[in-house]
Amino acid sequence: MPIRPENMAKYPGGSIRSPEWLAIRERIRTRAGNRCEECGVENHALGGRGPDGVFRKALPVGEKLLGLEWPRAGDISACEGGALRRIIRIVCTVAHVDGKLDDHSDENLRFWCQQCHNRHDAKSRQINASITRHEKAGQLDLIGRDG
């Protein structure tokens, strides 16, 4: 999820690209073993998710004697279990569990894949989208946005 410009200043060094934030991110990634701390999928893995949301690794394609090729993200290819899936590349990011972007304690940070991060943030995104729609329509904000 893109970070609002006004929230970027809450990150150490004022950016998600600052050396301070990158050091925190690396510490959390290492703690997680380079896997999503919720579902266990490996960061940068290639594969597909079924209707049940379970991730299956992509199988290599090509002739074994000539060398294996891996499918690219967006391709339709075979995955473990034999099913064809649209191939995606897992990208894990660091999430703030309580939504407070200025709390960078280990207890508040998780290394999550897109699916787990999106599930966690779904409710707050829904609220923020509603507030944004009302603001664009010129309506008064009665809910309030927790900055």
Side-chain angles (χ1 to χ4, degrees), residues 1-62 68-137 139 141-147:
M1 175 171 162
I3 301 167
R4 291 174 175 264
E6 62 268 21
N7 288 333
M8 192 63 78
K10 296 178 181 179
Y11 285 81
S15 169
I16 59 171
R17 298 196 190 335
S18 72
E20 297 89 346
W21 175 251
L22 293 176
I24 291 170
R25 182 192 184 283
E26 180 60 20
R27 186 179 75 239
I28 300 304
R29 186 190 70 78
T30 300
R31 176 190 77 191
N34 202 35
R35 293 183 169 278
C36 175
E37 291 183 278
E38 185 70 22
C39 71
V41 68
E42 186 178 1
N43 190 28
H44 297 139
L46 280 175
R49 293 197 188 269
D52 57 0
V54 174
F55 182 81
R56 305 264 192 255
K57 283 188 173 184
L59 299 175
V61 294
L68 299 174
E69 295 179 17
W70 289 92
R72 295 186 312 260
D75 289 351
I76 302 294
S77 190
C79 293
E80 292 173 337
L84 291 176
R85 301 273 186 252
R86 185 178 60 84
I87 301 301
I88 60 172
R89 179 176 301 278
I90 297 297
V91 177
C92 293
T93 56
V94 175
H96 290 82
V97 176
D98 67 4
K100 295 178 182 168
L101 300 180
D102 52 1
D103 179 0
H104 309 299
S105 64
D106 283 5
E107 298 78 29
N108 189 42
L109 299 176
R110 298 290 183 281
F111 197 63
W112 282 338
C113 69
Q114 305 100 312
Q115 179 173 272
C116 294
H117 200 155
N118 285 335
R119 277 187 187 150
H120 179 270
D121 289 352
K123 185 65 175 173
S124 63
R125 285 185 188 176
Q126 187 178 33
I127 291 169
N128 285 337
S130 175
I131 292 170
T132 300
R133 280 191 302 276
H134 287 91
E135 286 174 349
K136 285 182 178 179
Q139 296 175 350
D141 177 7
L142 299 176
I143 301 170
R145 187 186 312 240
D146 186 20

**Message:** Donor-acceptor pair, distance only, cut-off 3.5 Å: does the side chain of N108 make one with the backbone of D98?
**Reply:** yes
**Donor-acceptor under 3.5 Å (S130 side chain, Q126 main chain)** = no
Decide yes or no for [X] and [Y]: does some side-chain heavy atom of the first lie under 4.5 Å from some side-chain heavy atom of the second?
| X | Y | answer |
| --- | --- | --- |
| C113 | R49 | yes |
| D106 | R27 | yes |
| W112 | N118 | no |
| E38 | Q115 | no |

**For S15 against S18, the heavy-atom pair lying closest together** =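 Smallest heavy-atom distance, with atoms named: O-OG, 3.1 Å.
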**Item:** Exercise: identify the closest heavy-atom pair between F111 and N43
**Value:** CZ-ND2, 3.7 Å
**Prompt:** To the nearest 0.5 Å, how far apart are CG in L22 and CZ in R17?
**Reply:** 8.5 Å
**Asked** How many angstroms lie between atom CG of N7 and atom CG of L101, to the nearest 0.5 angstrom?
**Response**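 Taking CG in N7 and CG in L101, the distance rounds to 5.0 Å.
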**Prompt:** Only one of R29, R31, R110 forms a salt bridge (Lys or Arg N to Asp or Glu O under 4.0 Å) with E37, so which one is it?
**Reply:**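 By the salt bridge (Lys or Arg N to Asp or Glu O under 4.0 Å) criterion, E37 pairs with just one of R29, R31, R110: R31.
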Review item, side-chain donor-acceptor pairs of residues 80-97, under 3.5 Å, at least two apart:
{"unit_1": "R89", "atom_1": "NH1", "unit_2": "H44", "atom_2": "O", "d": "3.0"}
{"unit_1": "T93", "atom_1": "OG1", "unit_2": "H117", "atom_2": "ND1", "d": "2.8"}
{"unit_1": "H96", "atom_1": "NE2", "unit_2": "H104", "atom_2": "ND1", "d": "3.2"}

